[in-house]
> 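Here's a structure for you.
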Amino acid sequence: MSKPTPISGFPEWLPPQRMIEQYVVERIRSTFELYGFAPLETRAVEPLDQLLRKGETSKEIYVLRRLQEEGPGGDDALGLHFDLTVPFARFVLENAGKLKFPFRRYQIQKVWRGERPQEGRYREFLQADIDIVDRDTLPAHYEAELPLIIGDALGGLPIPPIRIQVNNRKVCEGFYRGLGLTDPEAALRAIDKLDKIGPDKVAALLAETAGASDAQAKACLALAEIRTDDASFADAVRTLGVSDPLLDEGLAELVEVVETAAEHAPGLCVADLRIARGLDYYTGTVYETQMQGYERFGSICSGGRYDNLATAGTDRFPGVGISIGVTRLLGLLFGAGELSVSRSVPTCVLIALPAEERRRDAGRIAEALRRRGIPTEVSPSAAKYGKQIRYAERRGIPYVWFPGGDGTPDSVKDIRSGDQVDATADAWTPAAEDLRPVVN
RNA sequence: GUGGCUGUAGCUCAGUUGGCAGAGCACCGGGUUGUGGUCCCGGGUGUCGAGGGUUCAAAUCCCUUCAGUCACCCCA
């Protein structure tokens, strides 16, 4: 048996990174709950036809197959979900009778995509998703609320500042329609490449794939160039002289999002009319998020409004959602050495062992500390104290506890400063910042 | 999924026209009959990513494969 090797796209991190991940997830989770989102977990698999229901874009889906299975899977084959929105829409339809609308829920789960991995792109990764759905109609104010929640959740973490770029598909579609373009999808795809390939090549692409004339291509590019952190983008669009009811609707919605953000979280959001992500099921507002200094790695958080995803017969549940790519976020920062944790284990106190016969005494001390919420472990062996201290030092454990005996009291040493004081396990308390590992 | 680049110790990397696998840091043992970090002495800890081929001889040349990374596609 040769040495095991990693599997491409399925990252596994060491305990320090996992501690950071748990810390980040907990911050996100508690923020979501602070805004009233209810927890939900859906199964890892969906019927393939559910997964493919709305996205004509062929996502690379992992299919579930039993080893002993005979013959091909068939229509009811199962696939691993590639996001949390599609399973959620299915769940809403399935449980509509038991849910209260509008329904706010969060979901933090692994998702799987069979794409080629590279830095910040994985085949198995963690998403933290919030969505709000309502029955029949969904007020537009939710679209302004979501970015604020993300700003709050990520703003409290030791990561670079984020910038949420917002657009509205109605603006683009309305504009293209008013312009006389017949294939808005193709136009969006072309415009989306603006940052990457530049205006000249986008213009050529627009002509080629969307059948745009020179003037039309020029107008599309002019629209895409618009980017403001206040409502002035709307005037800039109107200056382009295209009129369409859908365009006006989109502009009004986008103004609402940007103005709300500007009031509650200045600098968080920017209206960026080149953003086209989420081509498949989004129908209105779309979000994309970049970390300052990590722009080239793409979006770490995106989403949008979908009016037709959760629809069955006459039941319609329009929704809006946004999803943080936790694994990408962390993978990029780990790669840059930007996130660290103060120790590699949760342990706050190591109980040193004077002799193996004293292990039970040490155990009693450890129990007393743990009862008061202080993470404690007992030394693995009664090696020389120097070695036991080194055991703690290697792991970043801040305190070593020396059991007394024969009339001498216990004492505890802060091995960073060397300070050592007499202590009793019923009363001693570490500095508050030392109780848990600190992420920074 | 398509194409390019890169894989040598825990980490960063040397390794000549094919000729006995190396350095720094880290780590381990000892000096230090139990309180670490400094200092001194000692130790290379390795399937040269893996498998096959050419050769007297392969880390080095060839093929395949795996992994990482970059571009495309797409996206968290």
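Given the structure is predicted, the values throughout are model-derived calculations rather than measurements. Only this structure's heavy atoms are used, side chains among them; waters, hydrogens and symmetry mates stay out.
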> Are any protein N/O atoms closer than 3.5 Å to N/O atoms in nucleotides 70-72 of chain B? If there are, list each pair with its distance.
from: B/rC70; atom 1: OP2; to: A/Glu119; atom 2: N; distance (Å): 2.8
from: B/rA71; atom 1: OP2; to: A/Gln118; atom 2: OE1; distance (Å): 3.2
from: B/rC72; atom 1: OP2; to: A/Lys196; atom 2: NZ; distance (Å): 3.4

> When only distance counts, do a donor and an acceptor, one from the side chain of A/Arg394 and one from the base of B/rC27, lie under 3.5 Å apart?
no
> Hey, is A/Phe125 doing a stacking thing with B/rA76, by the 5.5 Å centroid and 30° angle criteria?
yes
> Contact class for A/Tyr391 vs. all strands (heavy atom < 4.0 Å): base, sugar-phosphate, or nothing?
nothing
> Between which residue ranges does RNA chain B form stems of three or more consecutive Watson-Crick or G-U wobble pairs, both distances under 3.5 Å?
B:1-7 with B:66-72, B:10-13 with B:22-25, B:27-31 with B:39-43, B:49-53 with B:61-65
> Just checking A/Ile415: base, sugar-phosphate only, or nothing, at a heavy-atom cut-off of under 4.0 Å?
base
> Please classify B/rG10 as syn or anti, treating any glycosidic angle within 90° of 0 as syn.
anti
> So what does A/Gly418 hit on the nucleic acid, given a heavy-atom distance under 4.0 Å: a base, only sugar-phosphate, or nothing?
base
> Specify whether A/Phe32 and A/Phe37 have parallel, tilted or perpendicular ring planes, treating 30° as the upper limit for parallel and 60° as the lower limit for perpendicular.
tilted
> When only distance counts, do a donor and an acceptor, one from the side chain of A/Gln420 and one from the base of B/rU35, lie under 3.5 Å apart?
yes
> If we ignore angles and hydrogens, is there a donor and acceptor under 3.5 Å between the side chains of A/Glu253 and A/Thr285?
no
> At under 4.0 Å between heavy atoms, what does A/Gly9 touch on the DNA or RNA strands: base, sugar-phosphate, or nothing?
sugar-phosphate
> List the atom pairs, donor and acceptor, that lie under 3.5 Å between side-chain atoms in residues 364-374 of chain A and the rest of the protein, sequence neighbours left out.
from: A/Arg364; atom 1: NH2; to: A/Asp361; atom 2: OD1; distance (Å): 2.4
from: A/Arg370; atom 1: NE; to: A/Thr376; atom 2: O; distance (Å): 3.0
from: A/Arg370; atom 1: NH2; to: A/Thr376; atom 2: O; distance (Å): 3.0
from: A/Arg372; atom 1: NE; to: A/Ala425; atom 2: O; distance (Å): 3.4
from: A/Arg372; atom 1: NE; to: A/Asp426; atom 2: O; distance (Å): 3.2
from: A/Arg372; atom 1: NH1; to: A/Trp428; atom 2: O; distance (Å): 3.2
from: A/Arg372; atom 1: NH1; to: A/Thr429; atom 2: OG1; distance (Å): 3.4
from: A/Arg372; atom 1: NH2; to: A/Ala425; atom 2: O; distance (Å): 2.9
from: A/Arg372; atom 1: NH2; to: A/Trp428; atom 2: O; distance (Å): 2.5

> Just to be sure I understand the rule, does A/Lys413 reach a base, reach only the sugar-phosphate, or reach nothing, if contact means heavy atoms closer than 4.0 Å?
base
